[in-house]
Structures are given as structure tokens and as C-alpha cells.
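Numbered from 1 within each chain, the chains take letters A, B, ... in sequence-line order. All values below were derived from every heavy atom in this structure, side-chain atoms included, with hydrogens, water molecules and symmetry-related copies excluded. Bear in mind the structure is a predicted one, so any value in this text is a computation, not a measurement.
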Amino acid sequence: MGTVSKMSSRWSWVMNAVYIFVSICSLGVSGGLVQSCGYIIPESPLLTLGSNFTALCILNESCLDFGNIHASQIIWKIKSSVVPKEQYRVINRTVSSVTFRDTSTLATPLTCNVLADGQIEQNIYGIAVTLGLPPEKPENLSCVVRQMSKNKFIMTCTWNPGRDTFLATDFCLKSQWPLETLPDCKPKGVNNSCEISNVQFFVNLEVWVEAKNALGKAESEHINFDPVDIVKPLPPRNLTVSSGELPTVLKLSWENQIIVVEMELKFNIRYRISDSTDWMEVPPEDTASHRTSFTVQSLKPYTKYVFSLRCMKKDGLGYWSDWSKEKSGVTSEAKPSKGPPLWRKIDISHSPNSWTVHLIWKELDRSEANGIILRYEVTVRARPSLSRPPEKYSVNSTNLTLNLTNGTYDVTVTAHNRIGGSPPSVLLIPASNSKASVKDIKAYPKDGKLWVEWTAPDNSVVKYVIEWCMVSDSSDCTTEWQQELGTSQGTFLKGDIKPFKCYLITVYPLYTNGQGNGQSTKAYLQQSMPEKGPTVQTKKVGKAEAVLVWKPLAVDEQNGFIRYYTILYRTISGNETAVNVDPSKTEYTLSSLSSDTLYMVKMEAHTDEGGTSGPVFTFTTQKFGKGEIEAIVVPVCLAFLLSILLGVLFCFNKRDLIKKHIWPNVPDPSKSNIAQWSPQTPTKHNFSSKDQMYPEGSFTDVSVVEIEADDKKSFSEQDLKPFNLLKKEKNTSEGHSSGIGGSSCMSSPRQSVSDSDESESAQNTSSTVQYSTVVLNGYRDQIPSVQVFSRSESTQPLLDSEEKPEDNPGGGESATPRQQYFKQNSSQDETSTDGSHFERAKQVTPPINEEDLVGLTQLQISDHSSQPCGSGQEKNKPESALADVLSPSTEGQILRLETMGINTATVDEVPKSYMPQTVRQGGYMPQ
Amino acid sequence: MWVPALAEQPPVTLQHHNLCSHAILLAGKIRSNVARLLESYVERQGLDRTISLDSVEGVPGPAMEQGGELTVAVRLGANLQAYRALQTLLGEVLEEQGFHLTPLDMDFHASIQSILLQVAALAYQLEELLVLLSHSRPAWEAAGPRPSQLV
């Protein structure tokens, strides 16, 4: 039931709304094409911003009947915003009002709406609201009449239109004569000015502005004037400037653009020198009357002037015109107003009694020349004037060179133009500058120029001459100069002074009767950092100090006064050390340096503006100081020499002992009795004979080699091959070296092995093996029947003939006793050489023990010494000897080698043999 | 300076002086402008440059010819009548030129109009001067019909 009732109520609401809508529409249609259900009063109101406003919405009665609508259902809206209901008021059943206390909150449209059945909003009516302000009273009305051409004037009036009204506001400039109302002037595109082209003078005109819009109108104050009193005329035209006869006047003529019946004018005339921008003005009172020309006076001769003028109404009412176009004119020439500045340069190079005087003077300024200078007249007058008449010169240039004898001269120069000559410039050239000079001369930059100042001498100075020139290494010092009055004590240099250049400035005081010496100073207009730094290098490098030298910077590179140098030096890893050096120095010694260290050094040159660094120079300090090497080397050398000397002395004192050890007596082969040692007839040598032959006891050592047959056995044939080769080499290399064996055997020398024996013995012991004894136990199990000894008793050195095998050809001659000696001892060289071979032999044949080798060597010695046979077998001899050595060992025989002492007893134990000897059965030659 | 001196004078005398001054200057300007307008008129109408303006119909003769026999008031009245006549004639000329002879020559029309205004202004000044001198303002009829519109 409840649901049904809800649905029925909804349906009834919808139907009711549709009914109202249809009834409203039908009402509108039935009453005409569009008939509203109500309307608003006022219709499209124009409202003043900020004012109160009340609107009424009135419903038609018919709507009330059909729609059951009441005024209380009315809703007011501004655009889409609902006006608060506090502003509503229901006047009766059909009328609702809304009130706005401030219309600035209003906007358009303002609509009246109805809320049908409490929910459906239906628009009843709407109005457009226009908001704005009434115009304010125009203020500050003023007018000016501008002359557009000779007969055309336009009056322009301007005013302040006041605030924005937000509405279309018309401004109108009204004017009237006392009896006539003139046409209104309506501004075009603006609201604050208007132009009237038909302007009539000499009639008072009343002018005012009227502003009007939908909310009201306002009128400015009325102003009353004669338009002729507010004219801004056109400037005079066709200005001409002409010079008169007088050099100080120029006449101006012009044409006024306003006729005098309209107004009379007064003028302003201004003028300037063409090179200047500063205007001068003719006194206004001189041009306060109407005119078309004027003569300007007190001008400079021969000077170009520029003129311009303007005008306004003579009585001062109205406005000044613009300045006219500029026009220039030149005044006439006049005599030069002063003589040219005069100076001189004197060369005293020719002869001691004469000068070459260069007179120089400057061209006059335009303001002083008063025209074009045509020539200069120079007069040179010697003092005293009676000595010579004055000499006169007329020159066109500004210098004159004269050769004068030493003395005092007065020189005058006058400049001449078309009108006349200038006052003379006088220069006294004294015989010597004996007068006082200026003091305390200084020069420094000031106001962008170079200022020179000095203290005047005590005497009265007529004028000063300041000379200056730019100091440069690349060019000569070209002197410029200027003159200053005698009262001045400072001046700016007048010339092209360049920055970063050094100037040498000299001031000369000139007196009426002489001249003072010049005082000089140097100055820069502007300083900068030096162009580069000095290039430093070392002059001398020691262990802890280095002398640095550098060339001073050229003047062109300095760019300022060098205040000091800074020497910066450091090691590769160390800190940099800086030393400041006086700029006058060109050398500096760095001290406390580390020895044997690489240093890097550079120099900076500093001016007042900063420093510039030069290239880096590196040097290395020495390891030893001066004299240290000498202190070490000299004592060492002295010690060495002393030791040598001591050695020599020692040797000298011990020469016998040395001789005994180093240079033993060699037995004389001529006294050898080897022929008696025939193998076939072995004989025992008598020791007594030996003692007789060598009474000095020269033989110190005797070696005894004992060879066992067993040892020999251990050597195989193959093992001995290298040894054979060794021996062959020795044969080749020393075939001529030993004469004993070779000569004795009548064959090529083969004593190398034996030499090796001797050298080895010499190396191993201080005593030399002189003789050896071979104790032959047996060969191939054969016991020798007798012991054979072979000896050499020669004490003679080897003869040349004996060293040369060719001198002894044929082994068959060995039968002669003379040739049957053998070498007992050899030189040191041979020993060493053979020793090396021996060493090689040892390496090649490791199984061979030392005793075997010694035995082998002894065998060789015997081989050499006991070669009685022919040379046809000599190639096989070493092998045979080797075989002889080895054979006992294979047969168990022992070959012993013993070292024997020098004492006689030892020698006695090995009787009858001084030399090693290999003995075979039936002879001592191996087969 | 004349301004302070005049300031000390009674207002009537100052107004009189200003009126006289303006009238004199305006008369001079009218003369200058009329002379230039006449040249332009002669040129446009193709008339002889030696045309004599001494006696033009409708224009009274110069009062100065009678010398000092006339009083100031009479002379001012005669001048007023003459300028009124000139004003009327210039109106006729302007209408004739604007509508018939030179309808496109606006500069010429402006020149005529300018002089017409000046003449009207001078006539007014003369009237004021007469009133200031306690004389009656002469009626327009003496110089013919008053132009209906100045501008």
C-alpha cells in the first residue's frame, strides 16, 4: 500500500509540472506570438555604478490562474547566480521586488524566475542592466595655435577627460565669439584634444569642453583668449650668414613666416664655433624687436661659426618657435694674434767653434693664426748686435737650419698671413746654459694625460720649454716640444702620448738673458705588465749554489717601470722559492741548494701593474763541490804512487830473492853432457857434478812423478782422443815456441804438454818444478832393466837459432851433442798458455786423476827431451807417448809423481835424475 | 610696459583700449587678407589685375575722405556700415563661388570664409566700441540684409 501511494504521489507531481508548463506555454501562445507570464520593471535600466537599484517582477494574473503561482515563488538571478532572498520582497501576490544597495554587484542579465510546484525553475523575464558613470568635468583645458604655413594656423586644445565612465561619452570642444557661436570641434579617435583649423586672430574667443553620456554631461571651465596670443609660429627661414669687412662680425638675414599684420616677433639668436658643441646666445634684449636681420659682433677672426634662431610673438605671449635650420659662416681674416712658439736644436759635432742650429717653431692655432699663414720671417741677431748685421730669412716651412759660430744669438720669428704679420717670437740662444735649472721635476698620468710639474728656479723665468720623446730600442728618440708660460709650474704634454711607452721628459727654463740646463725624468702615461719576463740562465753551477744571469728587458718590452725581479726556483718535487732582486742587477747567486739536484728556475719582471714570467730554465747542481774531487783524487794518486814507489824499492832491495824466484838461472846447454846420457848406455849421473855445475843452488824445487801402470790402464783409447787433439793444437800453436825439445829432437817442438806441467807446478806452488824424476815401475808387465835419467844441464837462454825449427832441419842431426838438450824451464807466458790447455784437457778427461795427468805431462816432457829419432815419426809421437803413459796402468804398473823439496836430502832420495824421463825398454823414445 | 599702466585705469577705459587695439589689428589683417584674396579672385575670375576697387556698388566710400570733420562716433558708424556691407558682399561671393563658380575650390572658399569671419568680428568690435562710447548701435538695414549664417 505504501509503495502504491508513493508512486501515485510522484505521478501526480509530474503531471502537475507538465500541466503548469503547458499552461504557461499555452498562455504565451494564446496572448500573441510571445506572451510572457510576467515582466520586470524597469526595463533595461541604465544605472550609475554604486547607486541603489530596485527591480520589480510582476506576474500576469492569467499565470496565477493556470499555474497556481505566487509571487513568493519568484527567484531573482544575476546571470546564473541566485540573488540572496534577503534582497527580495513580496509586495503582493503578483509582485516581487529585489533591491541592490550597490549596483557595482550587478551584472547583466537580471532575470525573474519562478519555482513551480516548489521544484521546477521557470524563467519568467529578464532585463539587460547597463552600468556606468556620468562624465567628469574636463579639466586643464588649454589651447595652442600652431602655424602650419604662412597663412594656415591650427588651434589645438587639450584637456583632461577625467575618469572612465564605462559608457559611450562624447566630448565636444565648443567656442564662440561674443555674438557668434562657432562650430563645435569633435575629437577624432581621442577624448582629450581637438583641432580647429579656422582660427581668427584679434577676436576674443571663448572655449570650453562639454562631455556627455547617457548618465549625464559635464562642462569644463570656459577659457577666453585671443588666438593670436597663443601662437607657436614657424621658425624663420632662409637664414643667410655673410661676413663683413670687420674680422669680428657676421651678418645674419632671414625671412619670417608670419606676416607682421598678424603679429610682430622677437628673436633668439644662438651661435657656436663649428668645432664646438657649446652654443652662445646673442643677448635677448638685442633681438626683442621685429626684424629680418641681425649683425653678430665680437667674433673671432677667420673662424667658422654656426647660427640658428627662433621667434615668438613680440609681447611674449604665445610660444617660442622651433629653432631654425643651422647656417654657418666664416669671419674675415686678421693679423696673427701671436708669434709661433720657437725652439732650437743645436748640433756641436762639426767643429768646436761652430754650431749647427736647427730653429724649429710650431704652426699657430687657427684661433691665433687668424687666417692662412703664408710665410714666416726669421731674424737672427748676434750679440752684441754691433758685431754683425742681423740676418733675415723668409721661409714657408716651420724650421730653419743655420751654421753659426759659437756665441749668443737673438732669434725672432714672425708669422704672416694675407692681412699682416704676427708679433715676433723671440728666442735667446746663449753661448752656454749657465742659468739655474728647474728642480724636482716629476711626471705622472693625470686625467688620462701625462702631467709634468716642476719647481721653478729662484730667478724669474720668461717661459719654459718642455721636450719629450718616446724611448724605444727600435727607433730613435724623436723629440717633441712645447712652450709654457714662465708662471706655470706644470703642464699636460700636448701630443700623441701613447700608453705603455716610456717617455723621457726634459724641462728647460728660458730667461731673458740666458737659459738653464734641462732636467729630465721618465714617465709612462699608462703602465702594464711587462710584455715578457727575463730569460734567465746559469753562469756557473756549483754544488750548493748557482750563479744566474739574465739580460734586462728591452724598453719596448717593459710596458712600465720595472720595480723588481722575482727569481722563482724549485726542485721537481719541492716547493717554489721566490727571491726578489733589484732591477738594476743582472746577476744573482742562488745559495743553499741541494747537491746533484735538478732545479727549475724562472724570472718575473714586475711593474706597478703586475709581473710577467719568463721561460723556465733547468739546471742540475754538481755532485761534488769545488776541490772535493781534487781532495779525493790527489791523495789517492799520491798513495798509489807511494805504494808503487815502496814496491819498487822493496823489489830493488829484494831483487836477488825475486830474481831467484822469478828468473832462475837456466843451465847452459853448451855445458850439457846429454850425449853421455845415451839410452843405450844409461849412466848414473853424478850428483857431485851437478853441484859443481850449479853451485849457487838455483834449483829450488824438484818434482818427482810416480806413475803407476794401473792408472794408465784406466784410460781408454777413446778417452784420450781429445787429449791427442789438444796436443795437436798445441803443436800447431806453439810449434816455434820451444826450442829445447824441438831442437834436441830435431823435429817440430812438442813440448807443450811439458810446458803445461811446468806452468801448473808454477801455479800450484811458489816453487817451480825444475826437474822431475820418473820412477818407472814397469811397462806392460815388463820391468825395465835399468832406470834411465835424462837431464839438461844448460843454463843458457834459448837461442834464436834454436827457436827456429827451420834452422835445424832434419832430426837425424840430433845426434850432435849440441842439439840434444831439452828445456828445463819455460817462460811465464808459456806456462800460462799451456796451463789453460791443460785445464781443458782435465775437463775433457774427467776419469783421469791428477796424478795421471801429471804423469802424462811428465811423459810429454820426457818425450820432448828424449827424441833422438827422425822426424818421420813425430806425428805419432804424442800418441805413442800417451800410450806409454797409459800402458803401465793397464798392466798394473804405478807411475808415481812426487814432489820433492829443495833440500838436498830430498834430491838425494831421487838419485840420478833431474828431469822427468819416460823410459822404455831398449831406449827412451816411445814407439 | 603698457599692461600695468592699463591695469591702473578704470575697466571701461581698459576694455576700450583692448577693443581699439584688436579692431586696429584686425582691420590690418583684413586688409592684408583681402588683398591676397583679391589677387586670388582676379586670377580665378580671369579679371584684369588693374581693376579699380575705388568704387564698388554697394560699398560705401571711405569715411576718411571727409577728414576730421566727422566725429568719432560718425566715423565708427560709417566704418561699421562699410564692413557690414563687405560682410554681405563676401557672403554673396562665397555663396556664388561655392554653389556656382568654383564648387570644388575649397581653399578659395576657406579664404573667403576666413575674411568673412574677420569682417564679422571687426563689425562686432566696432559695434562694441560704439556702445562703449555711449553711442547707439546702428541698425543692419543701413548696410543691407544681415547674412544669415557666418559659417
Side-chain angles (χ1 to χ4, degrees), chain A residues 145 147-155 172-186 194-207 224-231 233 256-266 284-285 288-290 313-318, chain B residues 1-4 6 14-15 18-37 39-40 80 83-84 87 90-91 94 106-129 131-132 137 140 146-151:
Chain A
V145 176
Q147 185 182 15
M148 309 308 290
S149 66
K150 193 163 187 175
N151 299 305
K152 185 176 181 181
F153 296 85
I154 290 179
M155 185 171 74
C172 180
L173 179 66
K174 292 182 172 294
S175 59
Q176 67 178 18
W177 284 347
L179 291 180
E180 299 287 339
T181 299
L182 300 176
D184 293 345
C185 176
K186 296 192 179 297
C194 196
E195 292 184 344
I196 299 172
S197 58
N198 192 4
V199 181
Q200 302 303 324
F201 294 153
F202 310 120
V203 183
N204 280 342
L205 185 67
E206 184 179 354
V207 176
N224 205 317
F225 56 88
D226 184 347
V228 78
D229 294 336
I230 55 171
V231 171
N256 294 318
Q257 299 197 67
I258 191 166
I259 56 176
V260 71
V261 296
E262 290 175 333
M263 67 176 69
E264 287 188 326
L265 299 172
K266 65 178 182 180
E285 55 271 21
S289 59
H290 191 86
K313 193 163 177 277
K314 181 182 173 182
D315 56 11
L317 298 175
Chain B
M1 294 294 289
W2 60 270
V3 173
L6 289 176
L14 179 61
Q15 189 179 4
N18 285 340
L19 271 175
C20 286
S21 174
H22 274 109
I24 292 167
L25 291 170
L26 185 55
K29 186 171 184 298
I30 289 171
R31 176 183 171 80
S32 171
N33 291 355
V34 165
R36 199 165 58 241
L37 178 64
E39 288 181 9
S40 180
L80 179 58
Y83 282 109
R84 282 177 174 172
Q87 183 179 356
L90 284 172
L94 178 60
M106 304 307 290
D107 287 343
F108 186 49
H109 302 166
S111 299
I112 299 171
Q113 178 69 36
S114 175
I115 295 174
L116 186 57
L117 277 172
Q118 291 177 59
V119 171
L122 181 59
Y124 164 75
Q125 287 173 349
L126 291 175
E127 288 177 14
E128 289 294 303
L129 203 56
V131 171
L132 202 64
R137 185 175 293 173
W140 260 95
R146 182 176 182 169
S148 59
Q149 191 175 3
L150 286 174
V151 181

Compare all side-chain heavy atoms of B:L117 with those of A:W177 and state whether any distance is below 4.5 angstrom. yes
Quick one, B:R31 and A:V261 - any side-chain contact, counting heavy atoms below 4.5 Å? no
B:K29, B:H22, B:Q118 screened by side-chain contact (heavy atoms from CB on, under 4.5 Å) with A:F201, the one that passes: B:K29
Examine distances only and state if a side-chain atom of A:Q200 and a backbone atom of B:A121 form a donor-acceptor pair shorter than 3.5 Å. no
Given a strict heavy-atom distance threshold of 4.5 Å, which part of B:S32 is in contact with chain A: side chain, backbone, both, or neither? side chain
Evaluate the side chain to side chain contact (heavy atoms under 4.5 Å, CB included) criterion for residues B:R36 and A:N151: first the C-alpha distance (whole Å), next the side-chain angles of each, then the deciding distance (0.1 Å), finally the verdict. CA-CA 10 Å; B:R36 199 165 58 241; A:N151 299 305; 2.8 Å; yes
